Peer 1: 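Before I ask anything, let me first share the structure, which is written out below as structure tokens.
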Amino acid sequence: MNDLLTHPLKTSTGRTIRSEEMIINMGPQHPSTHGVLRLEIVVDGEIVVDVIPHVGYLHRCFEKHCESMTNYQQVIPYCDRLDYIASMNMDWAYCLAAEKLLAIQVPERVQYIRVIMAELQRIASHLIALGTYGLDVGAFTPFLFMFRDRERILDLFEMTCGARLLYNYIWIGGVSHDLPPGFVDKAKAFCKYFRPNIKEFNDLLTYNEIFIKRTANVGVLPKDVAIAYACSGPMLRGSGVSFDLRKDDPYSIYDRFEWSVPVGKGEVGTIGDCWDRYMVRMREMTESLNILEQALAQIPDGDVASAIPKRIRPNAGDAYVRSESPRGEIGFYIVSDGSGTPYRVKARSPAFVNLSVTPEICRGSMIADLVAIVGSVDIVLGEVDR
């Protein structure tokens, strides 16, 4: 006892622990952390006093791997492994930065194919996020239904490039190969099949009284805090901020389509709570369907490989491009020294930035609510620990 008085217990950030408080570690192996994340939790009974996230368990060294490649195209498989449940979005973001550096204009058909793949991937990613979130709060059936529908999207990816998780499909200047025969019809059939299923998900989970009790008014992220922490994607929009790069800083051909940006409205609780973040993702799937149906109806013919460079050696310079991944603003900064190898590559991870706000929205919550809060952030550790 005297030793504790002279050498008080402290957290990893130097915060002194009071006698009625205790430190608990959640993770890095824990089913609700959605990856190898350790949360150092200071609790007073059942109340969370502070949370310190500890990352780095994957330690991917993504940037340095990219800088050791002998060709810019060789970087793309590493991008696949950043956010590995939204690999198409990762590949596209890197290719946009490389194409800006090389001043490449990609063909119209390639632009449409990329949008189609990115929006299919957004739906598939949100289905994982929402299905596993249901598991976090005790609902098993929605998880099975959502993974059932995700498999249909993976079938489309597999028939296109032969892979179901890591694709290496979007290349600098184009795509690895054209859409296979029958893809457009099957994608249209998926849109028709999936749209009524969103109502089924809402009936099962969204408006379930137990789910609302677990998520409404929990983990509230005020608008000013979300902006101050540079949150993006559903985390930012869940707090009522209507900001989506596809609308507010359009890239590719997104400005050709009619769709809207869902935001949190505090329908069952407070704006910016766990339910709002969940609901933004649910409504984004409907908007992705709207984009998909328009893109599939308008897709032109053309050569998808005509702009793929046979030799990539950009002039010395740099380029930064950001795009909207399912988790928010993914950015790639590439520096060229004039050789065939990237001199520097930097990835701005939306999941890493969104995770940094966790202490702000967890303080004062119950330990059981912590599971719901962390799940609502929707992190992928491959991207966080890039």
Side-chain angles (χ1 to χ4, degrees), residues 34 79-93 110-135 141-170 175-202 204-205 233-234 246 252 254 257 259 262 278 280-297 299 323-327 330 378 380 382-383:
H34 297 211
C79 296
D80 274 325
R81 289 154 175 82
L82 284 175
D83 181 351
Y84 40 78
I85 57 175
S87 295
M88 289 288 188
N89 302 89
M90 299 296 104
D91 295 351
W92 191 13
V110 171
Q111 297 279 24
Y112 277 88
I113 290 174
R114 289 178 172 184
V115 167
I116 290 166
M117 293 302 175
E119 295 310 311
L120 283 171
Q121 184 78 89
R122 194 179 312 278
I123 295 173
S125 175
H126 284 348
L127 285 173
I128 288 184
L130 301 173
T132 54
Y133 193 52
L135 281 181
T141 302
F143 169 81
L144 297 175
F145 282 31
M146 291 179 186
F147 267 62
R148 172 202 65 194
D149 291 348
R150 176 176 174 266
E151 286 297 303
R152 291 176 177 264
I153 296 176
L154 299 191
D155 288 343
L156 290 169
F157 289 158
E158 186 176 21
M159 75 178 288
T160 303
C161 62
R164 298 179 72 84
L165 185 69
L166 308 171
Y167 308 107
N168 190 20
Y169 178 65
I170 297 176
V175 291
S176 61
H177 41 277
D178 204 351
L179 297 177
F183 177 92
V184 171
D185 290 338
K186 288 186 177 181
K188 288 179 178 178
F190 168 78
C191 293
K192 185 177 180 180
Y193 156 83
F194 184 66
R195 192 176 286 276
N197 288 5
I198 296 176
K199 181 184 182 304
E200 184 179 45
F201 300 152
N202 287 330
L204 274 172
L205 187 61
R246 294 170 294 169
S252 186
Y254 276 110
F257 308 120
W259 59 284
Y278 162 91
V280 163
R281 295 184 180 98
M282 186 66 73
R283 288 176 175 153
E284 280 187 2
M285 293 196 297
T286 298
E287 298 304 326
S288 289
L289 285 177
N290 294 337
I291 295 171
L292 278 169
E293 288 169 346
Q294 294 172 71
L296 289 166
I299 185 169
S323 65
E324 192 74 31
S325 84
R327 262 146 288 283
I330 176 74
D378 185 23
V380 172
E383 181 188 294

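Numbers here simply count residues along the sequence, with the first being 1. Just so it is clear, the structure is predicted and the values come from calculations on it, not from any experiment.
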Peer 1: Could you tell me how the ring of Phe194 sits relative to the ring of Phe190: parallel (under 30°), tilted (30 to 60°) or perpendicular (over 60°)?
Peer 2: parallel
Peer 1: Please answer whether the main-chain N or O of Gln121 pairs with a side-chain N or O of Ser125 as donor and acceptor at a distance below 3.5 Å.
Peer 2: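 Judged by distance alone, no pair lies under 3.5 Å.
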Peer 1: Taking the side chain as every heavy atom from C-beta outward, state whether Ile330 and Asp83 have any pair of such atoms under 4.5 Å apart.
Peer 2: no
Peer 1: Is the backbone of Tyr254 close enough, under 3.5 Å, to the side chain of Ser252 for a donor and an acceptor to pair up by distance?
Peer 2: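 Such a contact is absent between Ser252 side chain and Tyr254 backbone.
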Peer 1: Evaluate the side-chain proximity of Leu204 to Met146: yes if any heavy-atom separation is below 4.5 Å, no if none is.
Peer 2: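 Not touching, per the 4.5 Å side-chain cut-off.
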Peer 1: Between Arg281 and Glu284, does any NZ, NE, NH1 or NH2 come within less than 4.0 Å of an OD or OE carboxylate oxygen?
Peer 2: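 Salt bridge flag = no for Arg281 with Glu284.
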Peer 1: Between Gly182 and Met159, which heavy-atom pair has the shortest distance, and what is it?
Peer 2: C-CE, 4.4 Å
Peer 1: Please find the pair of heavy atoms, one from Ser325 and one from Met90, that lie closest to each other, and give the distance.
Peer 2: CB-CE, 3.7 Å
Peer 1: Kindly determine whether Ile113 and Phe183 satisfy side-chain contact (heavy atoms from CB on, under 4.5 Å), including the steps that lead there.
Peer 2: CA-CA 11 Å; Ile113 290 174; Phe183 177 92; over 6 Å; no
Peer 1: Can Asp378 and Tyr133 be counted as having a side-chain donor-acceptor contact under 3.5 angstrom?
Peer 2: no
Peer 1: Roughly how far apart are Asp149 CG and Tyr193 OH, rounded to 0.5 Å?
Peer 2: 3.5 Å
Peer 1: Look at the side chain of Tyr169 and the backbone N and O of Arg114, then say whether any donor-acceptor pair between them is shorter than 3.5 Å.
Peer 2: no
Peer 1: Once rounded to the nearest 0.5 Å, what's the spacing between atom CG of Asp80 and atom CG of Asn168?
Peer 2: 6.0 Å
Peer 1: At their closest point, which heavy atom of Cys161 faces which heavy atom of His177, and how far apart are they?
Peer 2: CA-NE2, 3.6 Å
Peer 1: Is the backbone N or O of Asn89 less than 3.5 Å from a side-chain atom of Arg122, with the two atoms forming a donor-acceptor pair by type?
Peer 2: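 Absent.
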Peer 1: Please round to the nearest 0.5 Å and tell me the distance separating atom CG of Leu154 and atom CG of Leu165.
Peer 2: 8.0 Å
Peer 1: To the nearest 0.5 Å, what is the distance between CD1 (Ile291) and CG (Leu120)?
Peer 2: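 With rounding to 0.5 Å, CD1 (Ile291) is 11.0 Å from CG (Leu120).
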Peer 1: With rounding to the nearest 0.5 Å, note down the distance linking CD1 in Ile116 to CD in Gln294.
Peer 2: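 These two atoms lie 11.5 Å from each other.
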Peer 1: Looking only at heavy atoms, which two atoms of Gly131 and Phe143 are closest? And how far apart?
Peer 2: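 Shortest heavy-atom separation between Gly131 and Phe143 comes out as O-CB, 3.5 Å.
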Peer 1: To the nearest 0.5 Å, tell me how far Leu289 CG sits from Cys191 SG.
Peer 2: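 Answer for the CG-SG pair, Leu289 versus Cys191, is 5.0 Å.
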Peer 1: Looking at every non-hydrogen atom in both residues, tell me the closest pair between Tyr112 and Ala295 and how far apart they are.
Peer 2: CD2-O, 3.6 Å
Peer 1: Determine the minimum heavy-atom distance between Glu119 and Ser288, stating which atoms define it.
Peer 2: OE1-OG, 2.8 Å
Peer 1: Checking Leu130 against Met285 for the side-chain contact (heavy atoms from CB on, under 4.5 Å) test, could you report, in this order, the C-alpha distance in whole Å, the side-chain angles of both residues, the deciding distance, and whether it holds?
Peer 2: CA-CA 11 Å; Leu130 301 173; Met285 293 196 297; 3.7 Å; yes
Peer 1: Between Tyr84 and Arg81, is there a cation-pi geometry (under 6.0 Å to ring centre, at most 45° from the normal)?
Peer 2: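 No - Arg81 does not lie over the ring of Tyr84 by the 6.0 Å and 45° rule.
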Peer 1: Is any side-chain heavy atom of Met88 closer than 4.5 Å to a side-chain heavy atom of Phe157?
Peer 2: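 Side chain of Met88 against side chain of Phe157, heavy atoms only: contact under 4.5 Å found.
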Peer 1: Going by heavy atoms in the side chains, are Ile123 and Leu292 under 4.5 Å from each other?
Peer 2: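 Yes; the side chains approach each other to less than 4.5 Å.
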Peer 1: Check the pair Asn197, Arg148 against side-chain contact (heavy atoms from CB on, under 4.5 Å), reporting the backbone distance first and the verdict last.
Peer 2: CA-CA 11 Å; Asn197 288 5; Arg148 172 202 65 194; 3.5 Å; yes
Peer 1: So, Arg283 versus Asn202: side-chain donor-acceptor pair below 3.5 Å or not?
Peer 2: no
Peer 1: Determine, stepwise, if the pair Arg195 / Asn290 fulfils side-chain contact (heavy atoms from CB on, under 4.5 Å).
Peer 2: CA-CA 10 Å; Arg195 192 176 286 276; Asn290 294 337; 3.0 Å; yes
Peer 1: Less than 4.0 Å between a side-chain N and a carboxylate O, is that true for Arg246 and Glu287?
Peer 2: no
Peer 1: Is the shortest side-chain N to carboxylate O distance from Glu151 to Arg164 below 4.0 Å?
Peer 2: yes
